[in-house]
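Reading through the structure tokens given below for one structure.
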Amino acid sequence: MLLFTEYVIRGLFLGAMYGLLALPMSLAFVTVGTIDFAVGAYALLAAAIGATVGGTLGALLGLAGALVASLVMAAVFVLLKRAGHHDTIMIALSSFGLAVAIGSIVLASWGSTAFVRQGLDAVWTVAGIRINPQGPINLAVGLALLAGLTALLFGTGLGRMLRASAVNAQGAELAGIPVVAVQALIFAAGGLLGGIAGLLILYSSGLDFTAGLSLTLSGFAASIVFGVSNPARGFLGGLAIGVAEALSAGYGSGAMTALIPQFVVLLTLGLGMLGAGRYTGYRP
Amino acid sequence: MTSNQTTSVTRRLAICACLGLTLAWPSFAQVAPLKIGALLSMSGPAAVFGIPERDAITVALEDLNSQGGVNGRPVQVIFYDDRTDAAEAGRGVNQLVSRDQVVAIIGAGTGGNVLAAGPIAMRLKVPLLAPVGTIAATDKKNAFLPWVFRVAPSDAVNIRTILTDAAKDGNKRIGVFYQEDAYGKTGVDVAEQLAQSLGIQVVGSAPAPYTATDLTAQAIKLREANAQAIFMQVSVASLGAGFVKAARQVGLNVPIYGSSGLAQKSFVDGVGAGAEGLRVLSIGNLVYDPSPGEKKLSDLLRAAGKVPQGWGELVGTNGLVAAIAAAKSIKGEITGQSMRDAMENLCGLEAYARGKGCWTKDDHDGWREDALVFTEIANGRLRTRK
Amino acid sequence: MKQLRNHANSAAALLIAVLFALLLRDPVWIDVAVVIGIQALIALSVGLSFGQAGLLSLAQAPFAAIGAYATGIISVHYGGSPLAGLAGAIMLPALLGYLLARLVIRLEPLAVALATLSLAAIVEVVIRSWDSVTGGYVGLSGISPLAWAASPREYFWLVLLVIVIVIALYENLLASRFGRALNTLRHDRARAMADGVPVVAVSSAAFGLSAAFAGVAGWLYAHYVSYVGPGDLGTHLSISVVLMAVIGGASYVLGPVVGAIVLGVLMRMLPAQELQGLFYGGTLILILLVARDGLLGIAEPWFARALRAIVPQPARVAPEDERRT
């Protein structure tokens with residue numbers, strides 16, 4: 001039982017990372033109705049800069065780098081809107097283009113070496129389980145950001161404007177909301193959130209230039225699995241996937257280890273926790 | 001624009017691109033250079049090794065040409081990026097041979113890519129100098145085996161060397177941590193095959209994908225299996241470093257052996273202070289404790305503004321040196337066929353790396369145990385174990 | 001949309017194919033063209049599932065992988081003929097695609113995309129773990145070449161032929177009742193249901209068929225490269241083919257083929273190695289900015305005008321007919 005608990009706790013720490021990556025995804029979906037596939041690349045860029053410079057300054061510069069990258073995405077978004085794109089899949093695909101470009105810039109500027117930095121060395125022992133503080137820190141940061149986002153989205157006027165823009169862009173425009181500008185802001189916020197995730201990964205396990213796409217896909221899965229309608233579900237999705245992965249890594253063997261989390265995702269989707277009520281065809 | 005025009009325009013542009021990649025060669029006027037291809041993974045996941053390989057081949061080529069190339073004839077290396085993609089590797093062989101007319105190819109970048117490039121190399125009659133450890137690359141059942149020459153110690157040799165060492169220290173119960181790819185899986189498979197003859201037992205194995213962000217679950221699993229020592233068959237530095245940290249965190253305090261894939265600067269930097277005494281098998285020790293030949297290569301790299309990374313540089317230059325040695329031994333015309341034949345008679349070959357390469361008709365695994373050194377992590381460096 | 005969507009597609013494809021076949025002589029470009037052709041087939045499968053049925057799939061490359069492995073296994077382990085392999089390469093992906101679609105078709109589009117991504121991961125795990133059959137991580141090498149298309153040039157003709165056949169099938173499908181149902185469905189599910197379209201069955205069948213297209217591409221891949229490994233037809237390619245379809249114009253029959261050619265040639269011409277991704281990503285964004293309905297979307301008005309200039313204008317047709325096509 002203790003062992004099981006230990007796996008669950010490890011899974012939660014792991015899942016916090018996915019949840020963190022899911023936050024910008026859910027945010028973009030709730031407010032813009034699209035997915036920013038460059039989130040993993042923002043994380044990579046922040047980690048690369050953070051690893052090179054180091055310390056608090058490195059973290060700040062890393063965040064700045066991620067922010068700049070996401071501003072590029074925001075600009076692309078505005079240009080796409082100006083060009084008359086209403087199909088949100090185009091925005092998602094161009095964010096993929098940006099992700100590829102960032103990955104390439106990282107490879108060219110830093111080479112193929114891994115980015116890893118020493119986190120905290122201490123080990124806490126809680127009820128026989130040895131825990132490095134980095135795990136709880138990641139979880140706490142994730143929860144704090146989630147709380148902040150939820151408050152922003154559902155408790156403030158800006159949040160209402162954001163949600164209105166997603167639900168009915170035309171209506172929001174008529175109501176005097178500068179929809180495109182507000183939505184562009186969301187991409188910038190995604191850059192900051194992605195950057196924070198990247199820095200935490202840098203101090204937890206490290207990553208290399210190939211990580212961008214897989215981080216994006218992890219965040220994507222987390223944000224969708226319980227439904228993409230709000231960031232809390234995204235974060236929860238991340239935790240659930242993390243726990244499923246840790247348990248299957250612990251108890252599964254060989255191929256099972258990799259298969260179980262995928263079946264969990266399919267099963268969750270198949271069970272329709274998303275609400276099959278959207279059967280009549282909600283198209284973003 | 002008709003498709004005819006499109007074709008000729010694109011062809012011209014492609015040729016320009018190739019010329020851009022080709023290393024211009026200053027002196028040796030008049031003599032047509034001997035062309036060798038380098039089909040490496042310079043983008044995609046295997047770029048971790050492909051880029052150091054390219055850098056090292058570039059600086060070594062300059063060095064070898066200044067020593068007279070092939071009996072006074074300069075050598076030119078034409079690079080082709082296989083993008084860590086099998087179809088692209090096949091296409092690379094095609095282009096290097098039919099357009100650039102190379103007589104030998106260093107590559108492909110990964111074991112899978114060698115398997116894809118092999119049949120085409122055989123058809124076009126050009127030998128591949130494979131800088132990979134993948135056992136299947138020189139499997140006897142490959143029809144194209146006569147055309148593939150390994151320039152790195154094979155994974156089987158690496159794994160046996162590590163486990164023999166672990167067993168010698170009395171570690172009977174071995175846990176294996178491996179990455180989810182051909183390299184990693186080979187680690188478990190070979191360990192299980194060798195277990196009986198070495199008197200060890202594989203008590204548990206834990207895989208992880210390249211980009212895992214938390215490896216504590218894997219470490220707990222091996223801890224619960226009561227392993228006396230851990231063998232990591234990993235070549236992704238962040239994955240190896242992540243596992244070592246996770247092991248320390250969950251209280252898995254047993255000796256850890258790293259496979260030669262981890263003998264990279266970024267792994268050593270990544271594991272930090274908590275890894276004193278961790279043993280890593282290494283192909284040479286380019287970065288921290290170079291042999292005279294390695295020192296020379298390392299100096300060349302630094303002079304060119306590159307930071308030596310590890311074994312990629314060594315196996316890459318093994319390929320270049322072997323190709324030049326084969327060409328030197330040919331009396332008549334140098335063709336793919338004559339290069340291949342010459343390679344089967346190369347022995348006692350000394351490159352920048354340690355060990356002597358030797359191929360025979362029946363054995364295309366050129367480098368063996370003498371190319372390997374055992375190292376230990378000490379003060380953030382890989383110290384060669386005496 | 002009409003001009004490029006009527007039966008002119010397969011004729012145009014045939015014409016272009018013949019031109020290519022006659023004009024392309026350089027061995028390296030023939031090799032490039034074969035691989036682009038194979039990717040174009042997978043992109044066509046995206047055109048059907050995404051462009052027509054509105055289902056974004058990130059599992060098209062794994063479907064091709066299943067096709068490649070099916071024929072590879074038959075060829076390597078049983079010495080079977082490539083035609084037996086072709087049957088497997090069509091049926092296995094079709095069945096799997098159909099079943100997956102039945103399971104998830106009711107979900108919202110992003111959830112469908114995630115389900116396909118999970119399926120892709122499962123396929124990859126099965127491929128790399130089933131050592132005795134798929135060759136595990138090492139892959140299958142020594143897949144027999146096609147005796148009747150042995151040289152790269154003949155193989156190129158074969159690929160062109162297959163593409164033209166698939167386009168003709170695709171076009172006929174769209175002109176059928178099934179195709180019209182699919183089209184209604186994409187624009188308005190509620191309307192389709194009200195019209196009595198069996199939504200789940202139609203969408204699933206389209207998805208299964210699209211998986212079969214990808215399977216054929218995998219078959220071509222396996223017999224061309226002679227090797228297939230677990231990483232070869234993976235998520236990266238799945239995303240690339242979606243990009244190809246969108247860039248060319250996913251709702252046009254020929255759009256995915258155009259996209260595949262443009263991106264494929266672009267990849268060849270961009271400087272390779274580290275910075276390639278930068279150019280690739282940048283070009284991608286540029287094309288998306290400029291061509292909102294894909295490149296064929298740009299070409300269409302121009303094309304229509306040219307056509308009007310050559311062909312005498314037919315009598316004005318009733319608006320109902322216009323809506324139907």
Side-chain angles (χ1 to χ4, degrees), chain A residues 3 6-7 9-11 13-18 21 40 51 103-104 107 111-119 121 123 125 128-132 134-135 138 197 200-202 204-215 217-218 242 245-255 257-258, chain B residues 41-52 55 84 180 185 188 204-224 236-246 248-252 264-274 306-307 309-310 312:
Chain A
L3 185 61
E6 186 171 1
Y7 280 127
I9 291 174
R10 302 290 178 194
F13 294 149
L14 167 61
M17 219 46 106
Y18 298 154
L21 290 161
S104 164
L107 178 60
S112 50
T113 53
F115 306 113
V116 191
R117 275 198 89 89
Q118 291 310 308
D121 251 346
V123 173
T125 307
I129 298 174
R130 294 160 54 88
I131 292 170
N132 180 297
Q134 191 67 44
N138 297 347
L200 291 174
I201 293 172
L202 172 67
S204 309
S205 66
L207 70 175
D208 69 12
F209 70 101
T210 58
L213 180 63
S214 69
L215 292 178
L217 294 180
S218 303
E245 281 187 8
L247 286 173
S248 63
Y251 293 107
S253 69
T257 307
Chain B
S41 301
M42 293 176 274
S43 56
V48 180
F49 321 115
I51 290 173
D55 292 344
T84 323
E180 286 179 1
K185 185 72 181 348
V188 198
S205 61
Y210 287 177
T211 48
T213 49
D214 184 308
L215 297 156
T216 47
Q218 283 83 352
I220 295 170
K221 186 180 179 193
L222 296 179
R223 183 192 72 195
E224 294 301 309
V236 177
S238 57
L239 197 58
F243 179 79
V244 173
K245 285 196 219 169
R248 296 297 172 243
Q249 187 191 149
V250 307
L252 175 61
Q264 308 172 44
K265 188 171 181 300
S266 50
F267 171 70
V268 179
D269 293 346
V271 286
K306 307 288 181 190
V307 181
Q309 295 296 328

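So that the names make sense, note that chain A is the first sequence line, chain B the second, and so on, each numbered from 1. Note: hydrogens, waters and symmetry copies are ignored here, and every other heavy atom, side chains too, is used.
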Per-residue contact mode, [X] against chain B (heavy atom under 4.5 angstrom):
X        : answer
A:Leu14  : both
A:Phe209 : side chain
A:Tyr18  : side chain
A:Ile129 : neither
A:Leu215 : side chain

Who among B:Val188, B:Ile220, B:Leu222 has the most heavy-atom pairs with chain A under 4.5 Å?
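The residue among B:Val188, B:Ile220, B:Leu222 with the greatest pair count is B:Ile220.
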
Residue selection (most heavy-atom pairs with chain A, distance under 4.5 Å) from B:Gln264, B:Glu224, B:Glu180
B:Glu224

So which of A:Leu3, A:Thr210, A:Asp208 has the biggest tally of heavy-atom pairs under 4.5 Å with chain B?
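Highest number of heavy-atom pairs under 4.5 Å: A:Leu3.
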
Measure [X] against the heavy atoms of chain A and call it side chain, backbone, both or neither at under 4.5 Å.
X        : value
B:Pro209 : neither
B:Ala206 : neither
B:Ala212 : backbone

Run through A:Gln134, A:Arg130, A:Arg10 and flag the one making a side-chain hydrogen bond (donor to acceptor under 3.5 Å, both in side chains) with B:Gln249.
A:Arg10

Show the numbers, then the answer: is there a side-chain contact (heavy atoms from CB on, under 4.5 Å) between B:Lys245 and A:Asn132?
CA-CA 9 Å; B:Lys245 285 196 219 169; A:Asn132 180 297; over 6 Å; no

Heavy-atom pair with the smallest gap, counting every atom of B:Gln218 and A:Ala249
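Between these two residues, the closest heavy atoms are NE2-CB, 3.9 Å.
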
Begin from the C-alpha positions of A:Met17 and B:Asp214 and carry the test side-chain contact (heavy atoms from CB on, under 4.5 Å) through to its verdict.
CA-CA 9 Å; A:Met17 219 46 106; B:Asp214 184 308; over 6 Å; no

